[in-house]
Structure formats: structure tokens, C-alpha cells
Amino acid sequence: MTPDRSPGLAESARALAAGEVTSRTLVERALARIEATQPSLNAFRIVRSRAALDEADAADKELAAGVRKPLLGVPVAVKDDTDVAGEPTAFGCEGDYPPAAQDGEAVRRLRAAGAIVIGKTNTCELGQWPFTEGPAFGATRNPWHPDHSPGGSSGGSAAAVAAGLVPAALGSDGAGSVRIPASWTHLVGIKPQRGRISTWPRGESFQGITVNGTLARTVADAALLLDAASGNHERDPHRPEIINAAEAAGREPGRLRIALSLKPPFTALPARLQPEVRARVRQLAERVSALGHVVEEADPPYGQIGLAFIPRATVGLAERVRESPHPALLDRRTRDAARLGRLLGGAPLRAARRAETVQHRRIGGFFGSYDVILAPTTAAPPPRIGAMLPLSGFATDRAMIAACPYAWPWNVLGWPGVNVPAGFVEGGLPVGAQLLGPAGSEPLLISLAAQLEAEVRWHEAWPPQEAQTNSPAV
């Protein structure tokens, strides 16, 4: 284990159980890496230095006593939209926020598995945008190219994992917010089935379009964190059947029928797949075909699915703005979108929610012909720092749709998707592709991703160390 990069999640757990390393050592090394890169990468909003060391000492006592849990003593990070007892949940916003009274359900389950939450990662204001910047905390930078964004809204989690600060992190995905930063930082990002990882104390987050997910360098590590965080609060409205993601990561997927879908879903504003991204996704499709799968170009019947997304997203945002202790400090774009949400909160929202059943039936029929969809995760490589931050609301929407038109339909559907690295475009910027499936298909997607990883071995590439420590100041 080298102290300048985190070992993987599974490797850390194995080494701890074998007595090859202590939890205190792993936590101290992670804290040192965070401290060294925080002035440049700026991945964390909160670092729990003292608490994490105390928890590491407690974990070491348990390990010495023969206690075994899946992640006992392993440091991980969570996004700052998730409650950690004793810490504020600012969710990218300016101002002082009160400490959370108790852990959110996902964090409670991570702790029950033995994990140590070393800190809370940066996210853009209320998770709205595919960049992680703002007046509350500055800019979070991409470990591969510090002049560029790691994406968003789980950009801090992605930067922390890609830079090797922690082995894995929890994020959330409301329109691609796990998959987009995973694609732009060369990571595996799992957006699970709605309800797989609880969002409690909210039964639904953003009217059901936002779910918690995992980011890691390997499929096995992302699956292991998914298993540890999965499960439900007794009052959760969505309770999917239990799966074993880690077991799926070690299983062959069988011969599959895969639809290569390159056409962006319906958008009100123009979106075009950039040729260099198209080339990387096609190359990945060729690797999938070489593994023995049948790959054909075909697009699912998305229809006017965007009409169901906008009411749910903006109403969900309006709910968060209503709870904000500092509404006057919010970005003008946030306030404008919340105003739209208040207008759409009646009949338009009810119609959008009712439409989900029809969408499930229509798009679900596509999976009678295909097992998995392979699609770009984004239409473009990661943008430069500052490219979207100063834009007007309409210009921001236009830039977002141009760069990221592919991920959001699966949030409307509530179905799982997995980003896998697709390589690098000119300048060494990472891009990704997503594997998409119907309800409850995480095991199949994870098995296929693991098979592809064994062939491509994307986890062997690391960002240049000098980019992480010599990048521009925040």
C-alpha cells in the first residue's frame, strides 16, 4: 500500500482484517492526502479529522477483538447532501447551517458496515448543475486536468476518488450527477434503482428523480460500497428487492443483446454528440462485441420524456429552497428555477408523476429486444473551470443540455445505470459510457461492467500526481 494513493475499498478491508495495516494508519494517510490536495483540488467541504481518528481507534479495537464487518475501519467520503450526525448539510449553499441531529439512513448503514466517514465532499448549489463550483466553497478541480471541472453535482466525491484520496465515495444522481462526474474523472459510477440506497430522512428526493449512488475506481469497489449503503428506512416508499452487487461483480454476464444508442433523447434545446466522444464510445462498443455480445445500433422510444422531468426537478428544487435558512444567498438561477417549480407543483406535477407508468411500459418494451443499452454518458468532455458558473439561467440550461443530454431519462424512470470509463479525448480528458437497464437490473449491468473492466483495465490509469498538487489555487 502506497501512502500517496488510497488502496481500493476491497483491498483496504482485506488488509485491515488480515492485520496488515491499522485503521488509524489508513485514516491518517487519507487525512494527509486530503490536506495536501485541498488547496488545489478542493474536493471536501468538511473534513472530520478528529472524529475520524477517534472512530479509527475504535475500529482497531474491534478488529483486534476479532470483529468482522464488510468495511470495518475503511475510510470513505460522502457528498454534502447527506446528513452526518454533528455536521452541517449545506448542499453547496452559502451561509451557516445547523449540525444534523442524526445520520441519514445511507450513512447509518455505512457505519453499521464499519466504514469511517472521513469527510463530506463538495457539490454545486442544491445539486443542479454538471459542475462543482460556487461562492460557498470555490471550485473543485479535475485531478486529470485541474483547469477543467470534475463535473457535478457529485464532483467532490469524484475528485476525491479519482485522486486516490479515498477508495470510494457516496454521491447522488438526479440527472446524471453520479454518472457524469464518474465519466469525466475516469471512474465507475453506479446509479442504482430508485430506493436501493435510502435517501431518508426524505422518502423521495426531488420528487423521486434523485437517488444515492457510488463512485470508485473499480466495479468491485463500487459494488461493495453499494451493498454496504443499500437498504431502507421503515418509512421509505420505494423498497426494491435485495440484490448482492459484490457477487454480481464476480459473475459472468452471459451472452447479451446490447443496443448502442448514440442519439440524444428529446431535448427542447439542441444537443450534438461530439465526434471525439462518439469515437471513444464506438471503440468501447467494439470491445463489448469482441467479448461475444451482440451489439446493434438502436435507440429506445423516449418520446416526450422531458415533459415529465421538468416538473419533478423544479418542484423538488422549490421544496429545498423553501427549507433554506438563507434564501437570499442562493444563486439567481436557483431562485428562478424554484419559482417555476412553485408554478408546476399542482396539475403539471401530478401529470408528470402519472406519466411514469406509461414510460415504464413504453421504454420497458425495448428490453424485450435488448438486454442492455450502451450510450454515451455525456456528449462532450469536461468543461473548463468557470465556463458555466457565470451564465444566465437560459444559457446554463443550454450549456448543460449540450454537454449532458444522455443521463437524465433514467432518473425519470428510476432505473439503474452504470458509468464505465471510455478512455480519453484530445488533451487527456476522460469521457465515459453508460450501461442502462430496466428495473432491478443492477446485477446484470455490474456483471457486464466487470467483464469489460477485466478486458480494458481502466483502473490501472491514474491522474498525473503533479496535476493534483500544482494546480491553480481555488
Side-chain angles (χ1 to χ4, degrees), residues 1-2 5-18 20-21 23 26-27 29-30 33 43 69-79 106 109-110 113-119 121 143 150 154 156-171 173 178-179 181-183 185-192 196-197 212-230 243-251 416-421 430 432 435 442-443 445-463:
M1 294 186 176
T2 59
R5 287 173 180 158
S6 171
L9 195 69
E11 171 58 19
S12 296
R14 184 207 63 76
L16 284 163
E20 296 172 7
V21 70
S23 178
L26 288 185
V27 168
R29 289 175 177 175
R33 290 189 294 266
K69 299 173 185 175
L71 297 178
L72 183 54
V74 181
V76 300
V78 302
K79 183 177 177 178
R109 288 180 177 271
L110 286 178
I116 294 169
V117 177
I118 203 164
T121 57
S154 305
S157 287
V161 176
L165 311 185
V166 291
L170 204 64
D173 191 311
V178 162
R179 289 162 289 158
S183 74
T185 57
H186 199 69
L187 296 178
V188 175
I190 300 178
K191 173 217 173 297
R196 177 76 62 212
I197 301 177
N212 287 324
T214 61
L215 297 109
R217 291 179 52 76
T218 69
V219 175
D221 282 354
L224 179 59
L225 191 66
L226 176 60
D227 282 339
S230 289
I243 62 166
N244 187 328
E247 189 274 333
R251 187 175 66 227
V418 178
N419 176 81
V420 295
L435 306 174
E442 292 102 318
L445 301 179
I446 289 168
S447 293
L448 176 58
Q451 183 190 47
L452 192 55
E453 177 181 272
E455 174 74 14
V456 178
R457 306 195 67 78
W458 51 63
H459 55 288
E460 294 178 353
W462 284 91

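Note that the numbering runs from 1 along the sequence shown for the chain.
- Residues Leu452 and Val219 have side chains not in contact (no heavy-atom distance under 4.5 Å, counting atoms from C-beta outward).
- The shortest heavy-atom contact between Gly213 and Pro192 is CA-CD, 3.7 Å.
- Using a 4.5 Å heavy-atom threshold, the side chains of Ser23 and Leu16 count as touching.
- Between Ala249 and Ala220, the shortest heavy-atom contact is CB-CA, 4.1 Å.
- Using a 4.5 Å cut-off on side-chain heavy atoms (C-beta onward), Leu9 and Val74 make contact.
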Exercise. Test Ile243 against Arg196 for side-chain contact (heavy atoms from CB on, under 4.5 Å), laying out the working first.
Key: CA-CA 9 Å; Ile243 62 166; Arg196 177 76 62 212; 3.7 Å; yes
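- Taking all atoms of both residues into account, the shortest heavy-atom contact from His186 to Ala461 is NE2-CB, 4.0 Å.
- Side-chain N or O atoms of Asn419 include one that pairs as donor or acceptor with a backbone N or O of Leu187 at under 3.5 Å.
- Between Ile197 and Ala106 the shortest heavy-atom distance is CG2-CB, 3.7 Å.
- Residues forming a side-chain contact (heavy atoms from CB on, under 4.5 Å) with Ala216 (at least two apart in sequence, or on another chain): Ala168, Asp221, Ala222.
- Scored by the side-chain hydrogen bond (donor to acceptor under 3.5 Å, both in side chains) test, Glu247 finds Arg251 as partners (sequence neighbours excluded).
- Minimum heavy-atom separation, Arg109 to Ser230: CD-O, 3.2 Å.
- Proximity of a side-chain donor or acceptor of Arg217 to a complementary backbone N or O of Gly8 within less than 3.5 Å is not detected.
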Exercise. Show the numbers, then the answer: is there a side-chain contact (heavy atoms from CB on, under 4.5 Å) between Glu442 and Leu445?
Key: CA-CA 5 Å; Glu442 292 102 318; Leu445 301 179; 5.7 Å; no
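- Between Val178 and Leu215, some side-chain heavy-atom pair lies under the 4.5 Å cut-off.
- The two atoms that bring Ser154 and Gly171 nearest to each other are OG-CA, 3.6 Å, heavy atoms only.
- Lys191 pairs by the side-chain hydrogen bond (donor to acceptor under 3.5 Å, both in side chains) definition with nothing, not counting sequence neighbours.
- For Ala18, the side-chain contact (heavy atoms from CB on, under 4.5 Å) test picks out Arg14, Glu20, with sequence neighbours left out.
- Side-chain contact between Asn212 and Lys79: absent, with no pair of heavy atoms (C-beta onward) separated by less than 4.5 Å.
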Practice problem: Evaluate side-chain contact (heavy atoms from CB on, under 4.5 Å) for Val420 paired with Leu448, printing each intermediate quantity in order. | Solution: CA-CA 10 Å; Val420 295; Leu448 176 58; over 6 Å; no
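- Under the 3.5 Å distance criterion, the side-chain polar atoms of Ser447 are matched with a main-chain donor or acceptor of Ala248.
- Checking Val76, Val27, Leu26, Leu72 one by one against Ile116, the side-chain contact (heavy atoms from CB on, under 4.5 Å) holds for a single residue, Val27.
- At distances below 3.5 Å, not a single donor-acceptor pair connects side-chain atoms of Thr121 with backbone N or O atoms of Gly156.
- Between Gln451 and Glu455 there is no side-chain heavy-atom pair separated by less than 4.5 Å.
- At distances below 3.5 Å, at least one donor-acceptor pair connects side-chain atoms of Asp227 with backbone N or O atoms of Ala245.
- For the pair Ser157 (side chain) and Leu170 (backbone), a donor-acceptor distance under 3.5 Å is present.
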Self-check item: Test log, rule side-chain contact (heavy atoms from CB on, under 4.5 Å), inputs Leu225 and Leu110
Solution: CA-CA 8 Å; Leu225 191 66; Leu110 286 178; 3.6 Å; yes
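- Every side-chain hydrogen bond (donor to acceptor under 3.5 Å, both in side chains) that Glu453 has, sequence neighbours left out, goes to Trp458.
- A search for side-chain hydrogen bond (donor to acceptor under 3.5 Å, both in side chains) contacts involving Asp173 returns Arg179, Asn411, not counting sequence neighbours.
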